[in-house]
Amino acid sequence: MAVYLHEEDLPGDVFAPGAAIAVDTETMGLITPRDRLCLVQLSDGGGDEHLVRFSPGSDYAAPVLKSVLADPARLKLYHFGRFDIAAIRHYLNVVAAPVYCTKTASRLVRTYTDRHGLKELVRELLGQDISKQQQSSDWGGPVLSDAQRDYAASDVRFLHRLKDELDRRLAREGRTALAQACFDFLPARAELDLAGWPEVDIFAHV
Ligand code: MN
């Protein structure tokens, strides 16, 4: 169980072929074209987390990371994938699909609450407590603090286990196929965000 920090790309052969990978990103803010991608976190659910850091002025070449993210045989697990998929598409120029989003799944089964944050989901479904204290910290500095590393790693640490539990609940409520259709749409939703329809429901009547 360790957290590995890499600069500008993943080393080769970190993940077994075809394994589902949990993915999260940290950026300078919420406006993707303005706020650069600083960190991509990945985990195969086996207990280790890998953080790939990008420096200011990076060319985002990252061939190994891109091949993992773009691999059509590898499921990518996100919490609020809409944001991460857009950031990855904009900065790394790959579509990081196929997709599973624990926030979308949560909305489809936890209809008894409007609390779908990662912290709340981990607490209710897995009985564990994660800190969100570093969420709004400066991810662009030359050194990541231990607290930032821990926080960044914890954002991908639980997604495989959340998926298992959410899949059970989706099946129980008869919403597995609907969830899959939502996941499949997420790359297009991210593309709409980047193309200028960020806060518009394109299916809305008015
Ligand atoms: Mn995060």
Side-chain angles (χ1 to χ4, degrees), residues 1-8 10 14-15 20-56 58 60 62 65 68-69 75-92 94 96-97 99-107 115-126 128-141 143-163 166 183 186-187 189-190 193-194 198:
M1 309 285 196
V3 179
Y4 298 93
L5 180 63
H6 313 286
E7 300 292 338
E8 301 291 331
L10 273 178
V14 169
F15 300 119
I21 298 292
V23 180
D24 187 41
T25 62
E26 304 300 336
T27 66
M28 288 302 294
L30 298 179
I31 300 175
T32 298
R34 183 191 71 184
D35 302 327
R36 69 181 172 88
L37 176 65
C38 298
L39 198 69
V40 178
Q41 307 100 281
L42 307 103
S43 169
D44 63 4
D48 293 336
E49 290 89 28
H50 294 268
L51 318 182
V52 180
R53 192 166 66 140
F54 294 100
S55 55
S58 173
Y60 296 101
L65 175 63
V68 168
L69 293 173
L75 185 65
K76 266 68 69 174
L77 318 181
Y78 304 90
H79 185 75
F80 197 53
R82 177 178 170 180
F83 180 82
D84 304 301
I85 293 162
I88 289 166
R89 171 75 176 82
H90 185 76
Y91 287 96
L92 295 168
V94 294
V99 170
Y100 187 101
C101 179
T102 53
K103 186 164 212 160
T104 304
S106 176
R107 285 190 189 280
R115 301 186 65 187
H116 301 286
L118 182 63
K119 183 182 172 68
E120 182 67 18
L121 215 48
V122 168
R123 192 194 61 72
E124 185 190 304
L125 271 55
L126 305 178
Q128 288 190 249
D129 203 37
I130 54 172
S131 167
K132 276 284 173 188
Q133 232 171 17
Q134 297 297 318
Q135 186 164 34
S136 307
S137 67
D138 179 6
W139 295 98
V143 177
L144 290 183
S145 68
D146 288 348
Q148 282 181 309
R149 282 195 200 206
D150 283 352
Y151 166 75
S154 73
D155 270 357
V156 289
R157 187 170 295 148
F158 299 98
L159 299 187
H160 289 76
R161 285 156 62 197
L162 286 177
K163 176 183 183 295
L166 288 163
F183 302 151
L186 269 172
R189 182 58 264 189
D193 289 343
L194 292 171

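Atoms within a ligand are numbered from 1 in the order they appear, just like the ligands themselves.
Residues passing the side-chain hydrogen bond (donor to acceptor under 3.5 Å, both in side chains) test with Glu8, sequence neighbours excluded: Ser55, Ser58. With sequence neighbours left out, His90 forms a side-chain hydrogen bond (donor to acceptor under 3.5 Å, both in side chains) with no residue at all. For the side-chain hydrogen bond (donor to acceptor under 3.5 Å, both in side chains) test, residues two or more places apart in sequence or in another chain that qualify with Tyr151 are Lys132, Asp155.
With hydrogens and angles ignored, the 3.5 Å screen pairs a side-chain donor or acceptor of Thr102 with a backbone N or O of Tyr78.
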Take Arg161 and Gln128 through the test side-chain hydrogen bond (donor to acceptor under 3.5 Å, both in side chains) and record every step on the way to the result. CA-CA 12 Å; Arg161 285 156 62 197; Gln128 288 190 249; 2.6 Å; yes

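Ring orientation note: the planes of Phe54 and Tyr60 are tilted relative to one another, at an angle of 30° to 60°.
By the criterion of a separation under 2.8 Å, the protein N/O/S atoms near the Mn ion (ligand 1) amount to Asp24 OD2, Glu26 OE2, Asp155 OD2.
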